[in-house]
Amino acid sequence: MRRGRVELKRIENKINRQVTFSKRRNGLFKKTHEISVLCDVQVALIVFSDKGKLYECSTDSCMEKLLESYEGHYYAERQLVATEPESQGQWLVEYNRLKAKLELLQKNQRHYMGEDLDSLSLKELQNLEQQIDTALKHIRSKKNQLMCESISELQRKEKAIKEQNTMLAKQIKEREKTVAHQLLWEQQDNDNVLNTSSFLLQHSHRSLNIGGMYQKEATEVRGNELDLTLDLDPISSWHLGFFAS
């Protein structure tokens with residue numbers, strides 16, 4: 001037959017109560033070890049009997065470390081709960097302060113844009129005008145500074161470009177001088193060649209005239225005669241005769 005459900009109440013019989021305590025304690029320790037192994041958790045179990053005797057069970061970590069960890073978490077949570085209302089109050093104050101500051105900044109921005117000016121008095125309008133004039137002075141000063149820096153940078157670039165152009169112009173002039181000298185040397189060489197050719201041509205004409213005179217005299221003279229043929233060029237040739245008296 002199935003066992004009926006045990007009613008949870010104090011066992012009046014002292015012996016039965018002690019037996020039940022021993023059995024349930026051993027089973028509780030066994031379950032503690034099982035859950036620590038299966039779930040890889042740290043478990044500490046402390047039991048005091050009705051006579052005040054201590055029974056404890058813990059996982060691989062010693063009981064003292066587990067108790068210290070428990071105390072640290074316990075007191076930290078207690079402190080957080082104790083300070084939470086104060087923290088909420090501080091956050092609320094900070095929120096209201098930042099909200100008011102944001103509204104003021106938005107209001108001033110609208111005033112600087114020329115909006116919502118009906119609520120301002122004459123003195124406030126004068127102060128706003130003065131603030132805008134001061135801001136415009138700072139803006140113009142910054143703009144002039146940037147323009148001066150930009151002009152200085154452009155002048156520096158212009159100077160560098162001029163120096164580069166001067167250097168290039170100098171190189172071009174030197175190149176032109178070199179080319180002119182080369183052309184002059186080539187012209188001189190051509191003139192020398194022409195003069196040499198003219199000299200040789202004149203010399204060849206004189207030789208031809210001299211040869212003709214010798215040939216004429218040779219026809220008139222009878223005697224031993226020696227003819228020498230000179231080829232001046234592929235086209236013409238002449239005979240120069242030498243004779244011995």
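Numbering starts at 1 and runs along the sequence shown. Because the structure is predicted, anything quoted here is derived from the model rather than measured.
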Are there more than 12 heavy atoms of other residues, nucleotides or ligands under 6.0 Å from atom [atom1] of [X]?
X      : atom1 : answer
Glu34  : CD    : yes
Tyr55  : OH    : yes
Leu105 : CG    : yes
Asn190 : CG    : yes

What I'd like to find out is whether the side chain of [X] reaches to under 4.5 Å of the side chain of [Y], using heavy atoms alone.
X      : Y      : value
Lys99  : Tyr95  : yes
Leu125 : Glu129 : no
Arg110 : Lys107 : yes
Phe21  : Val47  : yes
Lys14  : Gln18  : no

Side-chain donor or acceptor of [X] paired with backbone N/O of [Y] under 3.5 Å:
X      : Y      : answer
Thr20  : Arg17  : no
Thr134 : Gln130 : yes
Asn16  : Glu12  : no

Applying the 4.5 Å side-chain criterion to the ILVMFWY set and letting contacts propagate, would Ile15 and Ile11 be lumped into a single cluster?
no

Do Leu104 and Leu128 share a hydrophobic cluster, counting only Ile, Leu, Val, Met, Phe, Trp and Tyr and linking them when any side-chain heavy atoms are less than 4.5 Å apart?
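No: no chain of side-chain contacts under 4.5 Å links Leu104 to Leu128.
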
Could you grab the distance from atom [atom1] of [X] to atom [atom2] of [Y], nearest 0.5 Å is fine?
X      : Y      : atom1 : atom2 : answer
Glu153 : Glu149 : CD    : CD    : 9.5 Å
Glu56  : Leu67  : CD    : CG    : 8.0 Å
Leu45  : Arg25  : CG    : CZ    : 10.5 Å
Arg24  : Lys31  : CZ    : NZ    : 11.5 Å
Leu146 : Ile151 : CG    : CD1   : 11.0 Å
Gln155 : Ser150 : CD    : OG    : 10.0 Å

Between Arg156 and Glu158, is there a side-chain N and carboxylate O pair less than 4.0 Å apart?
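No salt bridge links Arg156 with Glu158.
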
Please give the remaining members of the hydrophobic cluster of Val43, linking ILVMFWY side chains under 4.5 Å, ordered by chain and number.
Ile35, Val41

Hydrophobic side-chain clustering at under 4.5 Å (ILVMFWY, transitive links): who's grouped with Leu102? Put none if nobody.
none

For residues 163-180, which side-chain donor-acceptor pairs fall under 3.5 Å, sequence neighbours excluded?
residue, atom, partner, partner atom, Å
Asn165, ND2, Ile161, O, 3.3
Thr166, OG1, Lys162, O, 2.9
Thr178, OG1, Glu174, O, 2.9

Closest contact, heavy atoms only, Gln42 versus Leu66
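Smallest heavy-atom distance, with atoms named: OE1-CD2, 3.1 Å.
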
Check the pair Lys23 / Val19 against side chain to side chain contact (heavy atoms under 4.5 Å, CB included), numbers first and verdict last.
CA-CA 6 Å; Lys23 291 180 179 180; Val19 173; 3.8 Å; yes

